[in-house]
Amino acid sequence: MNPHIVHQYFKKELEEGIIIVQVDPTSLKGVELLISKNGGMQKNKRDFDEDIYEDLAADNFVDASPLEFNLYLKGLTGIK
């Protein structure tokens with residue numbers, strides 16, 4: 001990953017948990033975190049297409065913060 005890229009973050013809350021997506025706007029690569037209410041987390045690397053922003057909006061994702069993404073990624077949210 002290029003350290004000079006400002007990533008964009010989106011999230012969607014579901015009954016089962018939360019999906020948080022990190023998007024590199026230049027390469028359209030990213031990471032998707034699936035956080036379940038029971039504390040499990042799944043991390044997936046993703047390759048997006050140029051319609052990713054429209055797709056996220058259509059699926060009711062909202063802006064998220066880099067802090068929230070990284071707290072979940074590092075396991076610092078208190079969810080076990």
Side-chain angles (χ1 to χ4, degrees):
M1 264 189 198
N2 184 338
H4 304 291
I5 300 298
V6 176
H7 293 92
Q8 295 174 295
Y9 299 86
F10 304 90
K11 73 177 179 179
K12 181 176 182 176
E13 295 192 33
L14 304 169
E15 213 172 284
E16 305 83 26
I18 301 171
I19 302 171
I20 302 182
V21 179
Q22 175 192 60
V23 179
D24 177 333
T26 58
S27 69
L28 296 178
K29 293 182 184 287
V31 176
E32 174 186 72
L33 300 180
L34 307 170
I35 301 105
S36 67
K37 294 237 176 174
N38 66 8
M41 184 184 76
Q42 183 178 9
K43 176 182 166 185
N44 302 307
K45 291 185 179 181
R46 301 286 307 265
D47 290 319
F48 302 111
D49 63 24
E50 60 277 348
D51 296 326
I52 183 57
Y53 300 108
E54 291 83 7
D55 295 343
L56 290 168
D59 288 337
N60 298 315
F61 277 77
V62 296
D63 290 338
S65 76
L67 177 60
E68 182 179 18
F69 178 89
N70 283 290
L71 286 172
Y72 281 113
L73 181 65
K74 302 296 182 186
L76 300 174
T77 60
I79 295 177
K80 301 281 184 223

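Treat the numbers as computed from the prediction; the structure is a model and nothing was measured.
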Taking every heavy atom of Met41 against every heavy atom of Leu73, the minimum-distance pair comes out as CE-O, 4.1 Å
Determine, using the 4.5 Å side-chain heavy-atom cutoff (strictly less than), whether Leu34 and Tyr72 are members of one ILVMFWY cluster. no
Indicate the atoms forming the closest heavy-atom contact of Asn60 with Lys12, along with that distance. O-CG, 4.2 Å
Do you reckon Leu56 sits in the same ILVMFWY cluster as Val31, going by side-chain contacts under 4.5 Å, direct or chained? no
side-chain hydrogen bond (donor to acceptor under 3.5 Å, both in side chains) partners of Ser65, counting only residues at least two apart: none
Minimum heavy-atom distance between Pro25 and His7, given as atom pair plus value: CD-CA, 4.2 Å
Chi angles and distances behind the side-chain contact (heavy atoms from CB on, under 4.5 Å) call for Phe10, Tyr53: CA-CA 10 Å; Phe10 304 90; Tyr53 300 108; 3.9 Å; yes
Any chain of hydrophobic side-chain contacts (each under 4.5 Å) joining Val23 to Val6? no
Distance from Ile19 atom CD1 to Gln42 atom CD, nearest 0.5 Å? 10.5 Å
Output yes when a side-chain donor or acceptor of Asn38 lies under 3.5 Å from a complementary backbone atom of Gly40, and no otherwise. yes
Using the rule given for side-chain contact (heavy atoms from CB on, under 4.5 Å), can you reason through Ile20 versus Glu68, listing the C-alpha separation, both sets of side-chain angles and the distance that settles it, and then say yes or no? CA-CA 9 Å; Ile20 302 182; Glu68 182 179 18; 4.0 Å; yes
hydrophobic_cluster_shared for Leu14 and Phe61, side chain cutoff 4.5 Å: yes
Residues at least two apart in sequence or cross-chain that pass ring-ring contact (aromatic ring centres under 6.0 Å, His included) with Tyr9, listed by chain then number, are Phe69
Distance, nearest 0.5 Å, that separates CD of Gln22 from NZ of Lys45: 11.0 Å
Can you list the residues that meet the side chain to side chain contact (heavy atoms under 4.5 Å, CB included) rule with Asp51, with sequence neighbours excluded? Asp49, Glu54, Asp55
